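Only a predicted model underlies this, so the values are computations on that prediction, with no experimental measurement involved. Start at 1 and go down the list; that is how both ligands and their atoms are numbered.
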Amino acid sequence: MNKIPLVDLQAQFADVGDDVRAAVEAVLASKRFLGGPLTEAFETAFAAFVGADHGVVTSNGTSALYLALRALGIGPGDEVITCPMTFLATVESIRLTGADVVFVDCRDDDLLMDTDRVRAAVTPRTRAVVPVHLYGQPVDMDGLGVALEGTEVAVVEDAAQAHGATYRGRPAGALGVAAAFSFFPGKNLGAIGDGGAVTTCDDDVALAVRMLRDHGRRPGAKYEHEREGFNFRLSAIQAAALGAKLPHLSAWTERRAQVAAQYDAALVGLAARRVHQHVDRASAHHLYVIRVADRDRVVAGLKERGIGAGIHYPIPVHRQPAFASLGHAEGAFPVSEAAACDILSLPLFPEMTSEQIAYVAGALRDAL
Ligand SMILES: *Cc1c(COP(=O)(O)O)cnc(C)c1O
């Protein structure tokens, strides 16, 4: 059996490589390297995919989240609530606005933001909550809505792992006032480099993101800069490559669900518990995450058998050295900290064969 990586982009390119190359050629022919028709076409198509009125592409997912928060006017003196069980970019984006980060722990079953803890975390300074649809499964958005009832607090989704996911039939990316997506190559929809997007149904937020990503210029303006922005634009080559891949995304998501279901069946009876999947949500199955005792030994055992297991993430954000200044001691968010010690991500990509899935499951049984 060959090696099985966590994500196999080579397998994906066997399928879509020609379409991506054609898209890159089209940009080279057009000489519109920033913005232009291919970028606008992708923005429109991605917004439609998400069921939002606007899609605005950005340099990456981190800047997308930052820009969504900035577009809402969030800055120094404000508080933004999120969960420490995430990739640290979520927290970097909040911090870059100048706002303070307020953490609430995750739930033990699904490792998603514990919305029951949100109400107590809201203060007069709270301006936004950033729910992270971790591993592709949406946060309990109705629970979050209840927690925020009677407040003016905005919900900005971190949908970086959740392209195509749904919550009670509604797509991730249209569940709050705005959402941030990442097109990092390993994400469910990946560019050939970095990329990101904000989706929103709010015209003012969309315009603000467009301006802030392009030096504060209104679309079409050349010399007048109305706001203090920055350069967070996306290369047209990336937008075109994404446009070539987008038509495959629904089929890829379906195939991911099948891979996950085959794992579910193969892992019955093993001492490995998958993070809980809610029946009212369709995950994008970005990652297949299980919890095992003696995790590091299991990861080593899988590696010996040629399997690239991952850990997302071994250090909760509040315990990262980079955020030591926030002053959260060990034990501050015990559910996230406990999960960080026993989670493990198995290889999951749409091109995975049944034989590969069975091989991983068998290797996991041996390693356990
Ligand atoms: C990938 C990711 C990001 C950041 O996206 P980049 O495109 O890498 O900047 C943010 N949040 C989460 C949860 C992610 O997984």
### Task
Using only heavy-atom distances, determine whether the side chains of Y135 and D110 contain a donor-acceptor pair under 3.5 Å.
no
### Query
What atoms of ligand 1 come closer than 4.0 angstrom to any heavy atom of T86?
13 (C)
### Task
May I ask you to check whether T123 and E79 show a side-chain donor-acceptor distance below 3.5 Å?
yes
### Message
Tell me the nearest of K187, H286, H312 to atom 2 (C) of ligand 1, using heavy-atom distances.
### Response
K187
### Task
Among all protein heavy atoms, pick the one closest to atom 7 (O) of ligand 1 and tell me residue, atom and distance.
S182 OG, 2.6 Å
### Message
My understanding is that we take every heavy atom of each candidate and find the minimum distance to atom 4 (C) of ligand 1. Doing that for T58, T62, V91, which one comes out nearest?
### Response
T62
### Query
What do we get for L65 next to ligand 1 when only non-hydrogen atoms under 4.0 Å count, side chain, backbone, both or neither?
neither
### Message
Tell me whether the rings of F87 and Y313 are parallel (<30°), tilted (30 to 60°) or perpendicular (>60°).
### Response
tilted
### Query
Which of the atoms in ligand 1, numbered in the order shown and given with their element, are less than 4.0 Å from a heavy-atom of V132?
13 (C)
### Message
Side chains of Q137 and H286 only: does a donor on one sit below 3.5 Å from an acceptor on the other?
### Response
no
### Task
Do me a favour and list the nearest non-hydrogen protein atom to atom 13 (C) of ligand 1 with residue, atom name and distance?
D158 OD2, 3.5 Å
### Task
Using salt bridge (charged side-chain N to carboxylate O under 4.0 Å, His left out) as the criterion, list what pairs up with D214, not counting sequence neighbours.
R217, R233
## Note on the structure
Here the atoms of ligand 1 under 4.0 Å from any heavy atom belonging to G61 are 5 (O), 6 (P), 7 (O), 9 (O)
#### Entry: Proximal ligand 1 atoms for T90, defined as those under 4.0 Å from one of its heavy atoms
11 (N)
### Task
Please write down residue, atom name and distance for the protein heavy atom closest to atom 15 (O) of ligand 1.
Q161 NE2, 2.8 Å
### Query
Is it true that the side chains of H312 and S345 contain a donor and an acceptor less than 3.5 Å apart?
yes
### Message
Tell me whether A89 has any N or O atom under 3.5 angstrom from an N or O of ligand 1.
### Response
no
#### Entry: Where A271 and V292 come nearest, the two heavy atoms and their spacing
O-CG1, 3.9 Å
### NZ/NE/NH1/NH2 to OD/OE distance under 4.0 Å, D108 and R291
yes
### Task
May I ask you to list the atoms of ligand 1 that are less than 4.0 angstrom from any heavy atom of A160?
2 (C), 3 (C), 10 (C), 11 (N), 12 (C), 14 (C), 15 (O)
